[in-house]
Structures are given as structure tokens and as C-alpha cells.
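Given the structure is predicted, the values throughout are model-derived calculations rather than measurements. Just so you know, ligand 1 is whichever comes first in the structure, and atom 1 is the first atom listed for that ligand. No hydrogens, no waters, no symmetry mates; every other heavy atom, side chains included, goes into these values.
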Amino acid sequence: MYDVLISGGGPVGLGLAIELGQRGHSVAIVERNLEPPRIPKGQNLTQRTMEHMRAWGVEEEIRAAKTIPRGVGLGGLTAYGSLFSGYHYDWFRRASVSQYYAAENERLPQYATEAVLRARLDALESVDFLVGWAVTEASQSDDHAEMLIEREGETRVLCGAYLVGCDGSRSLVRQASGITESVQDHNRPMVLIVFTSPEFFELIERFPDKQFYNVLHPDLDGYWMFFGMVEWGQSFFFHAPVPPETNRESFDFAGLLHRAAGGEFAVDLDYVGFWDLRISQADQYRAGRIFIAGDAAHSHPPYGGYGVNTGFEDARNLGWKLSAVLQDWGGATLLDSYHAERYPVFASTAHDFIDRFIRDDRAFVRKFDPAVDRAAFEVAWGERSKGGSDKGIAGYAPHYGGSPIVTGSTEDAPSAVGKHELSARPGHHLPPLSLGNGQSTQDSLGTGFTLFSETATLVPGEFPVTQVRTVPEDAEARHVLVRPDGYVAWAGDDAAMIPRALHRASGR
Ligand SMILES: Cc1cc2nc3c(=O)[nH]c(=O)nc-3n(C[C@H](O)[C@H](O)[C@H](O)COP(=O)(O)OP(=O)(O)OC[C@H]3O[C@@H](n4cnc5c(N)ncnc54)[C@H](O)[C@@H]3O)c2cc1C
């Protein structure tokens, strides 16, 4: 009997297995693909995701696996009409929030990230990685959960105390556990093209330090066409809406690339695939002993690169909670707090960012058209350019204020909308704050809770607490209690609150 069964060894399942394996838990993770598919998918890894990579012991390996030379900028831009039309502004400048995180952001194809995470599993003895096996059934009883797995006619049953479906947007685990999902369908068939073109690389050298390029076109009513770099100097991906019934044979994909770019270039098509533009979210992230995480819980178009990063945060959030309950210091409500924290954060990501991008861009292209009134268009485009560079970055600061396991927050409910600040706020991610001795808070975080306090405090013995006898300079509190996932559980001046905040943060 394993502690945890994981269905799906994509990025999120792998991250969760590492989180649990590092905490010493026995885990079986089952993945049907022998190798990660060579589709670039989630490429932008945020600063927060790179904090996870550091916690999972693979930060350097991830940076070494990147396909773009070190030192080249990772920014994006938005253009109007076509990529080379002359109308463009910086978009999604992730570097603008770097000071609030302990690690720089990164960019590499998802298959390269998965290869690094797979290799990390080899070093974790308590994790069994069953690759080439498919999960065909998932079920649970009062005291355990089960997965039936199959490979080439052979079947096995695996048992675990808990089961997590990290098996992507068509999740078998979600369906088998009776979890429903809510879907906002945009009825937009989309194409993904991966292509090789050194000539296109030469053309985009006019945009140094940019790696992804959105194009707004009046005909597309706010939906984007977008290019992204995959292999430096060589290959790219491209997404765009296509007419219904488009198939590989019936459509001029090179012509579409040329129209979107606004210029001709030689191109070899490496891959053409189709997907439907929809935003879906599971109505519950937990059903008894079964949980879902990553795309199994939420999926959406890759507008803003929230997908894989949101999934990694699910894994980090759920991992320490499962561990706490398995180690008997986590209480009855801790596992419910996974849904209570992560569900509203994605609901807000979908509504306040992804869907808002589409709504805003639609309103813009409907109102302004250089072919109708160039002067009015240029004034409006200039206005957009000013706010465009930080849109979706500065205001995106997921927090758990109002969570049942956070003490003393000022917000009513968790959300993706927030403000970055260099301070320790209950429910918020702890930024790297100076400890005044040349070190920052992030250098001192333990694997359990971390208590920053100048006074020695007697903490209840059942909780894993690393005590640091100094307080961050900008904390604005005399005591700061940080959770195993790097979020602030409580911050305040009254030391008598510490045991209460610890009990609450542990779901007891
Ligand atoms: C074309 C495309 C482009 C994208 N671009 C971006 C982007 O630019 N930025 C971004 O952040 N996100 C992007 N995404 C989204 C991102 O790829 C996902 O959010 C991410 O892959 C989610 O990871 P996951 O582990 O939850 O799911 P998945 O990556 O889907 O992994 C699920 C895994 O489970 C396995 N599995 C499923 N069912 C079973 C079963 N029954 N038995 C065994 N194994 C099973 C699958 O083989 C797979 O390996 C893109 C997605 C697509 C499709």
C-alpha cells in the first residue's frame, strides 16, 4: 500500500511526486507515454515556478536544459494586423516583478522541463515511476484508493491512502470520481503549428529580447494569433483560430504563417495539430480520498502562460498537506483547504486575466481600425502600449487571504488578483526579505513551517517548525509564520498567537 498514487506523469504529476518523495512518502506515479511528447506547450516558467524548481532540487538542471542562450531576454510583444506591421508594444514583462521572488523566470519547451523532472525522480527511492502503463480505472473506499493499470495486456491493481489525478484535461480520475466541470466554450477551433525556419528567425531579430509575439487582427474579434520561439535560431510554434472543419490537407498553413507575420519566408512544417478554445474548471478539486491537480482541475487557452505554472502551484499546495496528514500532524480540515485555496485562484485567473484579455482585445479591435480612422487608432494604440507591458503581470499575485487555514488576513477570499509588496502579509507569498545579516528569508526557509521571531518561542512539539531568531527587516510584524509552500500563515506582534496560528495552519 502506497501513501499516494498519482495518475499522470506530465509536469504536474512529476512535481507532486518529487514534493512527496522528498518528504519520504511512498508514491506510485503512472504515465502512459514512454517519453514526453515533442510538442513545446507550456514554455514560460514564472519566477514562482522557479522557486518550486529550487525546492525540488532541479533549478540548475532546468536552466541548463533551456533551448535559448543564457542572457537573451524572455519578453513578449503584441502587434496589430500582422507581426511586422510596425504597430507593436512590449507585453508581459515578467522581469518587472523579479524582486518579489527568490528565483529568475525561465523559458524552455515543456518536454525539456519534463525530462529534468523525470530524471529527478530517479534519485527518490520511495517513488516508483511506472512508465508505459495506462490507468484504466480509479476508485476508493473508506480507508484507501485504488488504480487499475494496464500495459500490453498485463494488468495490476495499485492501492494507496490517497490518489491524485494529474492526468490532464480529459482526466479519467476526475470522471471516475464523479467530479463535474464547468466549461466556457468559445467555439473556436485553433491550430498549433510547429515549424522550422531560420529565415523567420532572421526576420524577428528586429525584436531583440522577445521570445513570444501576439498578433491582434480585426477579423479575429479579440482572439490572438501568436508565435513563440522553441529552439534558438531554428524552430517556432504558432497558434491561431482556423475555420471549422479545417484539416491537415485542406488548408494552406504556410500562407497563414505568412499573413500573420506580414512577410514571406521559407518554412518547414514539423507538426500541425488542432485544439478547441475553451476554459474549463472542475467544480470540486477533492472527492474523498481522491484529488485532482493541474489541467485535470482547470484548462484554458495558453493566453499568458498560466497553465503549467498554475498546475505546479497546485502540486506544491497539495503536496505538503497530504504529507502533513500522512505524518499525523495535519488535521481534518487541511485537505479541504486545497480546494478552498486553489479553486478560487484559478476561477480568478480565468475571469480576471485570460477571459479579460479576450474581452479587452475584442472591445479594442471592434472600436478602432486604422483602415477607418488612422489617427484615432494611433492615439488608442499609444494608450494601450503604456499599460500593455505589465498587463497580466503586476496585478497577478495569487494569494490565500481569507483561507480557512490563514490567520489574520485582510482579504475575504483567495484570488489571483493582488498586489506585489515587499512585506510579510498573511495569506500571501513571502517575498525575499532581508534578514539584515546578508541573508534573505528564502535562504532560511525549512521544509516544514518556518517561524521568524527574535524571541525563542516554545512551539507545540508535534509540528515541524524551523525557528529563525531574526525578523525580516520589512516584515512589519515581530513574528512571521511561514507555511511549507512559502506562503505566510500568520504575521503579528503577539507571541501568544503563535500556537493558535500553527494549529489553524495545520487544519487542527
Ligand atoms: C498546444 C498547447 C500549448 C500550450 N501552451 C502553453 C503555454 O505556452 N504556457 C502554459 O503555461 N501552458 C501551455 N499549455 C498548457 C500546459 O501544457 C498545461 O497546462 C500542462 O501540460 C498541464 O500539465 P499537467 O501535468 O496537468 O497535464 P498534462 O501535461 O496533460 O499531463 C498529463 C499526463 O497524464 C498522462 N495521462 C493521461 N491519462 C492517463 C492515463 N489514463 N494513464 C496514464 N497516464 C495518463 C498523459 O500522458 C500526460 O503525460 C499548452 C497546452 C497545449 C495543449
Handout entry: Where ligand 1 meets L192 - atom numbers and elements under 4.0 angstrom, heavy-atom basis
Key = 1 (C)

Problem - Nearest neighbour in protein (non-hydrogen) for atom 16 (C) of ligand 1 - result: Q110 OE1, 3.6 Å

Handout entry: Closest non-hydrogen atom pair between V325 and L335, with its separation
Key = CG2-CG, 3.8 Å

Exercise for the section: Considering heavy atoms of the protein only, find what lies nearest to atom 48 (C) of ligand 1 and give residue, atom and distance to 0.1 Å. Expected result: E31 OE1, 3.4 Å

Problem - Cation-pi check, R156 onto W133 ring (under 6.0 Å, within 45° of axis) - result: yes

Practice task
Output the list of atoms in ligand 1 that are nearer than 4.0 Å to some heavy atom of N33, sorted by atom number.
Solution key: 47 (O)

Fill in the blank from the handout: Quick note on ligand 1: atoms under 4.0 Å from a heavy atom of W133 include exactly 43 (C)

Problem - Contact check: G294 vs ligand 1, nitrogen or oxygen atoms, below 3.5 angstrom - result: no

Exercise for the section: Taking the six-membered ring for Trp and the single ring otherwise, decide whether the centroids of H429 and Y101 are under 6.0 Å apart. Expected result: yes

Practice task
Enumerate the residue pairs fulfilling ring pair (Phe, Tyr, Trp, His ring centres under 6.0 Å) with a member in residues 155-198, sequence neighbours excluded, ordered by first and then second residue.
Solution key: H186-Y223, F195-F200, F195-F236

Handout entry: Closest approach of any protein heavy atom to atom 30 (O) of ligand 1, naming residue and atom
Key = G168 CA, 3.6 Å

Problem - Under 4.0 Å to a heavy atom of P302 - the qualifying atoms of ligand 1, by number - result: 4 (C), 5 (N), 6 (C), 7 (C), 8 (O), 13 (C)

Practice task
Assess P11 for proximity to ligand 1: is some non-hydrogen atom of it under 4.0 Å away?
Solution key: yes

Exercise for the section: For residues 309-323, pull every pair meeting salt bridge (charged side-chain N to carboxylate O under 4.0 Å, His left out), keeping only residues two or more places apart or in separate chains. Expected result: E19-R316, R48-E313, D314-R342, K321-E341

Handout entry: Minimal non-hydrogen separation, A145 against L163, with atom names
Key = CB-CB, 3.8 Å

